[in-house]
Amino acid sequence: RNEAMLHRDAAVAYNYLKERYSENQITIYGRSIGTGIAVCLAKETRPRMLILESPIFNMRDLARHHYPLMPAILVALILKYPMRTDLWIADVPCPVYLFHGTEDDVVPYNSSERLLKLIRTESRLIRIPGGGHNNLGDFTLYHEELERILK
């Protein structure tokens, strides 16, 4: 498998939904590494909105965060899935909502802050104080904001 295949799979799923719903009824959701696929799909379509939970800036950035001493050339060679969320997010035509925990030890919180600066449509970063990578659903704020956005 490669990244292009993942993007094609997402497009097939989206097209299936488009046969049953209008695009203004479709919300794309991505979490962690899946945010790269979600953002790329959203830039190629016209969904109602895009929700990103613990989004990555891109895979190279994430690899450098976890392995700071690895030479950049080695990081580039081993990354099969670049997931250039940072390059695609400016072309998303719908509102974008980012959820990120301040204590995320997998994807740094500043990934969301940096992505937010690149978005050209309505957008908002929902900061979950004390939230980690796998527990945002444990926070009342997460549910309150998600409900507000989806209404």
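The structure presented is a predicted model; accordingly, all values stated were derived computationally and were not measured.
When Cys40, Ser54, Pro55 are each tested for a side chain to side chain contact (heavy atoms under 4.5 Å, CB included) with Thr35, only one passes: Pro55. With Leu50 as reference, Val92 is the one residue of Val92, Leu98, Thr27 to meet the side chain to side chain contact (heavy atoms under 4.5 Å, CB included) rule.
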Practice task
Would you sort out whether Ile56 and Ser111 count as a side-chain contact (heavy atoms from CB on, under 4.5 Å), showing the intermediate values?
Solution key: CA-CA 6 Å; Ile56 63 166; Ser111 293; 5.7 Å; no

Exercise for the section: Just do the side chain to side chain donor-acceptor pair (under 3.5 Å) check on His100 and Asp104 with the steps written out, would you? Expected result: CA-CA 8 Å; His100 214 129; Asp104 191 326; 3.3 Å; yes

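For the atom pair CG of Leu146 and CG of Leu150, the computed distance is 4.5 Å after rounding to the nearest 0.5 Å. Atom CD1 of Ile89 sits about 8.0 Å away from atom OG of Ser123, to the nearest 0.5 Å.
Glu23 places a side-chain N or O within 3.5 Å of a backbone atom of Arg46 that can act as its donor or acceptor partner. The closest donor-acceptor contact from the side chain of Glu44 to the backbone of Leu41 lies at 3.5 Å or more, if one exists at all. With hydrogens and angles disregarded, no donor-acceptor distance shorter than 3.5 Å links the side chain of Asp61 to the backbone of Phe57. For the pair Asn135 (side chain) and Gly132 (backbone), a donor-acceptor distance under 3.5 Å is present. When atom types are taken as modelled, the side chain of Arg64 and the backbone of Met59 share no donor-acceptor pair closer than 3.5 angstrom. Looking at Thr85, its side chain never comes within 3.5 Å of a backbone N or O of Asn58 through a donor-acceptor pair.
No side-chain donor-acceptor contact under 3.5 Å links Tyr97 and Glu145. Between the side chains of His7 and Glu3, a donor-acceptor pair is found at a separation under 3.5 Å.
Note on Ile51: it does not cluster hydrophobically with Leu116, by side-chain heavy-atom contacts below 4.5 Å among ILVMFWY residues. Linking Ile, Leu, Val, Met, Phe, Trp and Tyr whenever their side-chain heavy atoms come within less than 4.5 Å leaves Val96 and Tyr142 in two separate clusters. In the hydrophobic clustering of ILVMFWY residues, with side-chain heavy atoms under 4.5 Å counting as a link, Leu17 and Leu6 come out apart.
Cation-pi geometry between Arg31 and Tyr29 is not satisfied (NZ or CZ under 6.0 Å from the ring centre, within 45° of the ring normal).
For the pair Pro129 and Leu141, the minimum side-chain heavy-atom distance is below 4.5 Å. Using a 4.5 Å cut-off on side-chain heavy atoms (C-beta onward), Phe99 and Leu52 make no contact.
Residues satisfying the side chain to side chain contact (heavy atoms under 4.5 Å, CB included) test with Glu113, not counting sequence neighbours, are Tyr109, Asn110, Leu125. The side-chain hydrogen bond (donor to acceptor under 3.5 Å, both in side chains) test applied to Glu144 returns no partner, not counting sequence neighbours.
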